[in-house]
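Handing you a structure now.
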Amino acid sequence: KNLQTEKLGIQVLKKSIKKFMVPTKEQKQLLYKLANIDFGRYWNAIDGIIYKGNSLDEIISTNDFLFVEIKTTNKKLEKLPYGAFFGISENEEELLKSHKNYRLCIVHVGMQTYSMVDYKEYNALIQNKRITYQVNFKLPHQKTRSKYSL
């Protein structure tokens, strides 16, 4: 379901922002290298980019584009980003904090609108924040040692 609404969010941004695009893996690797970001660790921490020149080929520094992480909602809201509720990974928050060209983009898929925030705006908007853990158990073929097995 999250992937479906993210795809809708991407469609909203493509319609609204002429220079928004979803980079290929290779393009993303080049942009991460330019921004001095470890691709192996942060490969999934952006959904798109907005380039400032006439084309992607004109990007020569991090001043020439924005990284965009999309969070979607369909909640009844008066005005974005106020009242939005979403999950954000530690990696996404780290990049938002450490890279001035990284933006969090809240997209309302029903209203077909969006709001882009940098770290300072993000921090000022937080009403409350809690940490949750995402856990993946091993597959059956992986050895598990438990002192509690019967």
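Keep in mind it's a predicted model, so treat the numbers as computed, not measured. Any value given below was found using the heavy atoms of this structure, including those in side chains, with hydrogens, waters and symmetry copies removed.
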Is atom NZ of Lys52 surrounded by more than 12 heavy atoms (other residues, nucleotides or ligands) closer than 6.0 Å?
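Yes - once you tally the heavy atoms of other residues, nucleotides and ligands closer than 6.0 Å, there are more than 12.
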Roughly how far apart are Tyr119 OH and Lys97 NZ, rounded to 0.5 Å?
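If we round to the nearest 0.5 Å, Tyr119:OH and Lys97:NZ are 4.0 Å apart.
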Rounded to the nearest 0.5 Å, how far apart are CD1 of Ile60 and CG of Asp57?
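Rounded to the nearest 0.5 Å, the CD1-CG separation comes to 12.5 Å.
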Taking every non-hydrogen atom, the tightest pair across Met116 and Glu121
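Nearest pair, atom of Met116 first, then Glu121: O-OE1, 4.0 Å.
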Which heavy atom of Leu77 sits nearest to which heavy atom of Ala84, and what is that distance?
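Looking at all heavy atoms of both residues, the closest pair is CD2-N, 4.2 Å.
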Apply side-chain contact (heavy atoms from CB on, under 4.5 Å) to Asn63 and Lys100, showing your working.
CA-CA 9 Å; Asn63 294 327; Lys100 66 179 183 166; 3.4 Å; yes
Between Asn74 (side chain) and His108 (backbone), is there a donor-acceptor pair under 3.5 Å?
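Here the side-chain-to-backbone pair does not exist.
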Decide side-chain contact (heavy atoms from CB on, under 4.5 Å) for Arg41 and Asn91; before the verdict, give the C-alpha distance in whole Å, the side-chain angles of both, and the deciding distance to 0.1 Å.
CA-CA 8 Å; Arg41 178 174 178 187; Asn91 283 350; 3.4 Å; yes
Can you tell me how far the CD atom of Gln112 sits from the OG atom of Ser16, to the nearest 0.5 Å?
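If we round to the nearest 0.5 Å, Gln112:CD and Ser16:OG are 7.0 Å apart.
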Between Phe65 and Leu31, is there a side-chain heavy-atom distance shorter than 4.5 Å?
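Yes, side chains in contact.
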Distance check, rounded to the nearest 0.5 Å: Ile49 atom CD1 versus Met21 atom CE?
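CE of Met21 is found 5.0 Å from CD1 of Ile49.
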Which of these, Val22, Val68, Thr72, Val107, sits in a side-chain contact (heavy atoms from CB on, under 4.5 Å) with Ile10?
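Only match with Ile10 under side-chain contact (heavy atoms from CB on, under 4.5 Å): Val22.
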A quick test of your reading: do over 12 heavy atoms of other residues, nucleotides or ligands sit less than 6.0 Å from CG of Asn36?
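Counting neighbours around CG of Asn36, 12 or fewer heavy atoms of other residues, nucleotides or ligands fall under 6.0 Å, so no.
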Are Leu34 and Phe39 in one and the same hydrophobic cluster, where Ile, Leu, Val, Met, Phe, Trp and Tyr link if side-chain heavy atoms are under 4.5 Å apart?
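Yes; Phe39 is reachable from Leu34 via cluster members.
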Lys75 side chain to Gly83 backbone, donor-acceptor under 3.5 Å:
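Answer holds: yes.
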Can you find a pair of side-chain heavy atoms, one from Ile106 and one from Phe85, that are under 4.5 Å apart?
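Result no, sub-4.5 Å side-chain heavy-atom pair not found.
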Over all heavy atoms of both residues, which pair between Ile88 and Lys71 is shortest? Give the atoms and the distance, please.
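It is CA-NZ, 4.0 Å.
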Decide whether Ile17 and Ile70 are clustered together by the hydrophobic rule: side chain heavy atoms of Ile, Leu, Val, Met, Phe, Trp, Tyr closer than 4.5 Å, transitively.
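Ile17 and Ile70: one cluster.
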Are Ile59 and Leu95 co-members of a hydrophobic cluster defined by side-chain heavy atoms under 4.5 Å apart?
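Leu95 and Ile59: one cluster.
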Quick check: do Val117 and Arg103 have side-chain heavy atoms less than 4.5 Å from each other?
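Of all side-chain heavy-atom pairs linking Arg103 with Val117, none is under 4.5 Å.
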Do His99 and Ile37 have side-chain heavy atoms sitting under 4.5 Å apart?
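The answer is yes, as the side chains (C-beta and beyond) meet within the 4.5 Å cut-off.
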Which heavy atom in Leu96 sits nearest to a heavy atom in Leu104, and how many Å separate them?
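So the minimum-distance heavy-atom pair works out to CD1-N, 4.0 Å.
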Looking only at side-chain N and O atoms, does Tyr42 offer a donor or acceptor that is under 3.5 Å from a partner on Glu94?
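Judged by distance alone, the side chains do pair up.
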List the atom of Pro23, the atom of Ile46, and the distance in Å for their closest heavy-atom pair.
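Heavy atoms of Pro23 and Ile46 come nearest at CG-CD1, 4.3 Å.
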Can you see which heavy atom on Leu125 is nearest to which on Tyr82, and at what distance?
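In terms of heavy atoms, the two residues are closest at CD2-CE2, 3.5 Å.
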Evaluate Glu93 against Tyr122 for side-chain hydrogen bond (donor to acceptor under 3.5 Å, both in side chains), listing each step before the verdict.
CA-CA 10 Å; Glu93 189 175 66; Tyr122 161 80; 2.4 Å; yes
Any chance you could measure Gln27, atom CD, to Tyr51, atom OH, to the nearest 0.5 Å?
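Separation between the atoms: 10.5 Å.
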Measuring from atom CD of Glu69 to atom CD of Glu92, what distance do you get when rounded to the nearest 0.5 angstrom?
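Rounded to the nearest 0.5 Å, the CD-CD separation comes out at 3.5 Å.
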Determine yes or no for a side-chain-to-main-chain donor-acceptor pair under 3.5 angstrom, with Asp64 supplying the side chain and Ser61 the backbone.
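Indeed, once roles are kept as given, a pair shorter than 3.5 Å links the two residues.
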Does NZ belonging to Lys19 count more than 12 external heavy atoms closer than 6.0 Å?
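Yes, the 6.0 Å shell around NZ holds more than 12 heavy atoms from other groups.
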When the aromatic ring centroids of Phe67 and Tyr32 are compared, is their separation below 6.0 Å?
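Close enough - the centres of the two rings lie under 6.0 Å apart.
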